[in-house]
Number of protein chains: 2
Amino acid sequence: MTTSRNASTIRDVARLAGVSVATISRYLNNSAPLSADTAERVQTAMTELDFSPHPAARSLASNKTNAIGLVLTEIGGEFYTPLLRGIESVTSAEGFDLLIHSTKTKAPPSGPIKRRPLSENNTDGLLVFIDALDEVELIRLKKVKFPVVLIHQSSPKGLEIPMVTIENQSGSQKVVDHLIEEHNCKKIAFIQGPANNEDSKGREKGYRLSLKNHGISFDPNLVVIGGFESAQAYEAVRKLIKRGISFDAIFTGDDDNAIGVIQALNEASRRIPEDVAVAGFDDSLFARLLTPPLTTVKAPNEQVGAEATRQLIKLIRGESATLQTVLPVEMIIRRSCGCKQ
Amino acid sequence: MTTSRNASTIRDVARLAGVSVATISRYLNNSAPLSADTAERVQTAMTELDFSPHPAARSLASNKTNAIGLVLTEIGGEFYTPLLRGIESVTSAEGFDLLIHSTKTKAPPSGPIKRRPLSENNTDGLLVFIDALDEVELIRLKKVKFPVVLIHQSSPKGLEIPMVTIENQSGSQKVVDHLIEEHNCKKIAFIQGPANNEDSKGREKGYRLSLKNHGISFDPNLVVIGGFESAQAYEAVRKLIKRGISFDAIFTGDDDNAIGVIQALNEASRRIPEDVAVAGFDDSLFARLLTPPLTTVKAPNEQVGAEATRQLIKLIRGESATLQTVLPVEMIIRRSCGCKQ
DNA sequence: TTGTATTATGTAACCGGTTACTGAAACCGG
DNA sequence: CCGGTTTCAGTAACCGGTTACATAATACAA
């Protein structure tokens, strides 16, 4: 079905205002000075006809889409909603449309034509969330000078694509500092996130740095890969206990992991925080609802989205963007570390 | 900044293949039969030039955008991510772009021009989430026969706009049945959601129906408005207790409410489920993490999104859509109602 | 007063597709 | 072998904006 083509065009407005189409266009885009008189006649005609410029025509003629694309591998996770809210608030405020595409979902049965879902064809710039685009595509985009900003992922070497992320390292360092300094922990286990994940690497660095600063030697036995899911973390802790490795605290790569950790500790009758202090990362919605409530690090997801979008819009406007933006995190002290009771 | 215009066009392909542009277009859209020979030459030329049709040109000429718009008041809530995932999976699979706009965020400082953010101008159809568009706009869209599907909201009288929602009523009825039949509850308090919310109304209906079916008379003292937030529910339960109203179960309009309910009961030293059984609605992520784990009703948010999108695409293709789609919910039994220990 | 710079506006080509209309060739039955 | 279909392909107008270029009108300097 095709919508009836009844909307008024720039030529209708021109006719009614008694001027040429060029004048209307100039008025619309403020691209040249108009006499006060003309401007008023144009405005009157426009309101009269309830004129609204046709985006496709505009886009075709000007080679601008007025849209920003967000590409991610998968729509999911708790960070997702605030991130999107941040992005949307800026695109809206700046008058851009927001296009979303998940690269995980299968492509349409496209027949013979190759349709690039989100690209320089239908957007003015791309927001790329962790690994949503492979390096080949990033290189291609860089080569054609298409604006791109990476989120929670740093630029491949040499490409110099601006990126926005959070203080993974110092955030995790602060928590571990806290465990050591306030709760006198000495043997802190670390449940890593996914091995190749950049966030997870930064968090490990912070962990190691804190240990080092406090003269505690790094013990590889205390570090386990946990993914970002509770089941893996649960298994990891059970294994730790089974192998008889002693620890007085567990710091997890994210809050989901903490769920599994708490479960495993409960089953092993280790009390939290008396026997083992626990801390997470993310400040997920449920963190305060766990028993005991989870000490963790709050990631400013909404700001990440907003800031990345602002940077992208700068690029689109031809201004230069900040290559690395690292937003601060906040430690949230609750009971699982031993504070407050 | 404008991307350099270096991509190949339909005319380049035509030249290379030694045919006319019309032929290329026909091949692209399968709009007329081509001889096997020509088809092959066209395909070769297309791959050779890495041709990808320009969406704006296509859209301008055909008056189709190949995009679907999602309008909502606010980006937030736990249902949001799965809903969006459902929508995106279908739009992707069917080759549509997905545009998102929140009507809550303020419009750009648009100057003199009126820009309708998401409309028949830049989409082929609109998915409208609860109250994101007012009735005036819905009427306008209906009048110009623009495809619209409502989500979790029924069509204003007379408009006959297709809608997709969940079994609020029977879901809530089942839970209350369960409380009465399995746990012998007689005085079941109901913490309502927001007063004008359609979901919340349906859930109340189910509550009343279940009472009626079991010969329990409806007691207005046991029904309190709670919004969809835990703080209000917390206050509501405190008030109930303070007023000395006795109850042996609380059914809440959603899981967030249940958090406040549990807190208030804990503070009043009423044991869950021994003294008071508790049940919620939504099966939020945290439901299983509460103490005790919450008995609730699982809403198929992802399917809602997918189904609404499918209906919309039908409309876009000129087929007829189902006016009312009500997706089934599933009762999730955990411990807060008294089951399993 | 005349020549020139400046400003406001118009004309028409163009962006890259789609498609109505037209025509040539192939096919078919009698 | 001929008139009538059917099939395949080309020409060019069109979608609704933008903008390079041209021009008329006005301002200004000498």
Side-chain angles (χ1 to χ4, degrees), chain A residues 2-42 45-46 49-66 113-116 119-122 124, chain B residues 2-42 45-46 49-66 113-116 119-122 124:
Chain A
T2 296
T3 313
S4 53
R5 188 91 76 158
N6 47 10
S8 52
T9 78
I10 203 178
R11 291 171 223 265
D12 299 328
V13 181
R15 200 174 312 124
L16 184 58
V19 298
S20 76
V21 291
T23 302
I24 308 295
S25 179
R26 287 180 188 121
Y27 182 73
L28 281 174
N29 302 309
N30 225 299
S31 50
L34 296 196
S35 75
D37 172 57
T38 322
E40 200 193 310
R41 291 213 320 282
V42 172
M46 277 188 8
L49 294 174
D50 191 24
F51 172 76
S52 169
H54 194 296
R58 220 172 190 190
S59 164
L60 180 60
S62 67
N63 204 19
K64 279 175 201 150
T65 64
N66 228 45
I113 323 116
K114 179 171 141 201
R115 239 182 75 89
R116 282 203 199 86
S119 67
E120 63 273 36
N121 266 311
N122 45 7
D124 289 343
Chain B
T2 295
T3 312
S4 53
R5 189 89 79 155
N6 48 10
S8 52
T9 77
I10 202 178
R11 290 171 226 266
D12 299 329
V13 180
R15 199 174 312 123
L16 184 58
V19 297
S20 75
V21 291
T23 302
I24 309 296
S25 179
R26 287 180 189 123
Y27 182 73
L28 280 174
N29 302 308
N30 225 299
S31 50
L34 297 195
S35 75
D37 171 57
T38 320
E40 200 192 309
R41 292 212 321 281
V42 172
M46 278 191 2
L49 294 174
D50 191 23
F51 171 76
S52 167
H54 194 297
R58 221 173 190 190
S59 163
L60 181 60
S62 66
N63 202 21
K64 280 176 201 150
T65 64
N66 229 43
I113 322 116
K114 179 172 142 201
R115 238 182 76 89
R116 281 203 201 89
S119 66
E120 63 272 36
N121 267 311
N122 45 7
D124 289 342

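Computed from a predicted structure; not experimentally measured. In the text below, chain A, chain B and the rest are named by the order of the sequence lines, each starting its count at 1.
Comparing A:Val21 and A:Ala32 against DNA chain C, the residue whose closest nucleotide sits nearer the 5' end is A:Ala32.
Under 3.5 Å, the side chain of B:Arg58 and the base of C:dG16 form no donor-acceptor pair of N or O atoms.
Here D:dG16 is the nucleotide among D:dG16, C:dT18, C:dT9 with the atom lying nearest to any side-chain atom of A:Ala57. The nucleotide whose nearest atom lies closest to any side-chain atom of B:Ala22 is, among D:dG16, C:dG16, D:dG10, D:dG10. When each of C:dT18, C:dC21, D:dT18 is scored by its nearest atom to the side-chain atoms of A:Asn29, the top-ranked nucleotide is D:dT18. Of all nucleotides listed (D:dG17, C:dG17, C:dT9), C:dG17 comes nearest to the side chain of B:His54. Nearest to the side chain of B:Leu60, among C:dG17, D:dC15, C:dT18, sits D:dC15. Distance from the side chain of A:Thr9 is smallest to D:dG17 among D:dT19, D:dA9, D:dG17. With C:dT18, C:dA8, D:dA9 as the candidates, the nucleotide lying closest to the side chain of B:Arg26 is D:dA9.
Within 4.0 Å (heavy atoms only), B:Ile24 reaches no atom of the nucleic acid at all.
Residue B:Thr23 places no side-chain N or O under 4.0 Å from the OP1 or OP2 atom of D:dC8. Checking the phosphate oxygens (OP1, OP2) of D:dT18, no side-chain nitrogen or oxygen of A:Asn63 falls inside 4.0 Å. OP1 or OP2 of D:dT19 has not a single side-chain nitrogen or oxygen of A:Ser25 nearer than 4.0 Å. The side chain of A:Ser31 contributes no N or O atom lying less than 4.0 Å from OP1 or OP2 of D:dT19. Proximity of B:Ser20 to the phosphate of D:dG10: a side-chain N or O atom is located under 4.0 Å from OP1 or OP2. When the side-chain nitrogen and oxygen atoms of B:Ser62 are compared with OP1 and OP2 of D:dC15, none of them lie within a distance under 4.0 Å.
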Step-by-step side chain to side chain donor-acceptor pair (under 3.5 Å) determination, B:Thr65 to B:Asp124: CA-CA 6 Å; B:Thr65 64; B:Asp124 289 342; 2.8 Å; yes
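Summarising the geometry, the separation between CD1 on A:Ile10 and P on C:dA12 is reported as 16 Å, rounded to the nearest angstrom. Regarding A:Arg41, its CZ atom lies at a distance of 11 Å from the C1' atom of C:dT9, rounded to whole Å. When the P atom of C:dT18 is taken as reference, atom CZ of B:Arg11 falls 11 Å away, rounded to whole Å.
With A:Arg58 as the fixed residue, the side-chain contact (heavy atoms from CB on, under 4.5 Å) test singles out one of A:Asn29, A:Asn66, A:Asn63: A:Asn29.
Axis deviation across the helix from C:dT1-D:dA30 to C:dG30-D:dC1 amounts to 40°, comparing end segments of five pairs, rounded to 10 degrees.
Side-chain contact check for B:Leu28 versus B:Met46: some heavy-atom pair is nearer than 4.5 Å. In this structure the side chain of B:Ile10 never reaches within 4.5 angstrom of the side chain of B:Pro53, judged on heavy atoms. For the pair B:His54 and B:Thr9, the minimum side-chain heavy-atom distance is 4.5 Å or more.
The backbone N or O of B:Ala56 lies less than 3.5 Å from no partner atom in the side chain of A:Ser59, so there is not a single donor-acceptor pair. With B:Arg26 contributing its side chain and B:Ser31 its backbone, the two residues share no donor-acceptor pair below 3.5 Å.
Looking at every heavy atom in both residues, A:Leu49 comes nearest to A:Ser8 through O-OG, 3.2 Å.
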